[in-house]
Amino acid sequence: QLVAEYVDEHLDLIRAESNGRTEDWIMRQHRLRFTAWFKDLNLPDGDTNDAKILRRLSQGPSSQVMSFQSYDINGYMFYTSAKDKGCVNQNNGVRIEAIDSANVTTTYFGFIEDIWELDYGEGIQFPVFRCQWVKHHQGVEVDNYRFTLVDLSNAGYKDDPWVLASQVAQVFYIPDPYSELFHKRK
């Protein structure tokens, strides 16, 4: 949440130059331009721990990235899809709750393709997952028994695959015996 005020400031700048364009356009521009804009602020080091962290974050991560096939976080072991294929247990299914600009919460489902750990120096590291997300409205539905059915072949959101590992919950997919397309989330 340290960066939240800067995110809001950047969004306000983009909205001011949007000339009535859609919220999707604004968010796309924000994703494309925020990192460079944040770096150009040249934030001072500051005296507080928060100020030092903000400075490190604004300068971006190291160009060398640690890659993992599995990662233990929040009490769960997560695997990439490649590692999961050779295992008895399934550990690559994820979901995330996202809140849009209108404060509407949407749950997205997917599976992990890559696990990276971004290093900002001075012990500031963030694990991130590159996920294959399922299109929400076309690939996810809830049946009469309140099972969430997920069509894992209905890929979407390819321009926004990354998520902080700390923000996801682990889910397990089992084949739906009544439909070859859908998998039930447990």
**Q** What distance do Asp12 atom CG and Ile14 atom CD1 have between them, rounded to the nearest 0.5 Å?
**A** 10.0 Å
**Q** How far apart are the closest heavy atoms of Gly156 and Lys135, and which atoms are they?
**A** CA-CG, 3.6 Å
**Q** Compare every heavy atom of Asp119 with every heavy atom of Ile124, then report the nearest pair and how far apart it is.
**A** O-OD1, 3.6 Å
**Q** Which heavy-atom pair separates Val171 from Gln90 by the least distance, and what is that distance?
**A** O-OE1, 3.9 Å
**Q** Looking only at atom types and distance, does a side-chain atom of Gln69 sit under 3.5 Å from a main-chain N or O of Ala82, one as donor and one as acceptor?
**A** no
**Q** Using the rule given for side-chain hydrogen bond (donor to acceptor under 3.5 Å, both in side chains), can you reason through Glu113 versus Ser81, listing the C-alpha separation, both sets of side-chain angles and the distance that settles it, and then say yes or no?
**A** CA-CA 5 Å; Glu113 294 184 319; Ser81 293; over 6 Å; no
**Q** Please write out which residues are connected to Ile115 in a hydrophobic cluster, directly or through intermediates, given that two of Ile, Leu, Val, Met, Phe, Trp, Tyr count as joined at side-chain heavy-atom separations below 4.5 angstrom.
**A** Met66, Phe68, Tyr71, Ile73, Tyr76, Phe78, Val94, Ile96, Tyr108, Ile112, Phe129, Trp133, Tyr157, Val163, Val168
**Q** Could you list the residues that satisfy side-chain hydrogen bond (donor to acceptor under 3.5 Å, both in side chains) with His30, not counting sequence neighbours?
**A** His10
**Q** Could you measure the distance from the CG atom of Leu13 to the CH2 atom of Trp37? Nearest 0.5 Å is fine.
**A** 6.0 Å
**Q** Please report the C-alpha distance between Arg31 and Asp159 in whole Å, then the side-chain angles of each, then the deciding distance to 0.1 Å, and finally whether the side chain to side chain contact (heavy atoms under 4.5 Å, CB included) criterion is met.
**A** CA-CA 10 Å; Arg31 282 192 305 270; Asp159 63 335; 3.2 Å; yes
**Q** Nearest 0.5 Å, what's the CD1-CZ distance between Ile26 and Arg28?
**A** 10.5 Å
**Q** List the steps, then state whether side chain to side chain contact (heavy atoms under 4.5 Å, CB included) holds for Thr80 with Phe111.
**A** CA-CA 8 Å; Thr80 62; Phe111 53 90; over 6 Å; no
**Q** Pairs under 3.5 angstrom only: tabulate donor-acceptor contacts from the side chains of residues 17-25 to other protein residues two or more places apart or in another chain.
**A**
from	atom 1	to	atom 2	distance (Å)
Glu17	OE1	Arg33	NH2	3.4
Glu17	OE2	Arg33	NH1	2.8
Glu17	OE2	Arg33	NH2	2.5
Ser18	OG	Arg15	O	2.8
Thr22	OG1	Trp25	N	3.1
Glu23	OE2	Arg15	NH2	2.6

**Q** Just checking Asp47: does its CG atom have more than 12 heavy atoms from other residues, nucleotides or ligands closer to it than 6.0 angstrom?
**A** no
**Q** Check whether Tyr79 and Ile174 end up in the same hydrophobic cluster, where Ile, Leu, Val, Met, Phe, Trp and Tyr are linked by side-chain heavy atoms less than 4.5 Å apart.
**A** no
**Q** Please verify the inter-ring angle class for Tyr120 with Phe126; under 30° counts as parallel, over 60° as perpendicular, anything in between as tilted.
**A** perpendicular
**Q** Could you tell me which non-hydrogen atom of Tyr145 sits nearest to which non-hydrogen atom of Asp143, and how far apart they are?
**A** N-OD1, 2.9 Å
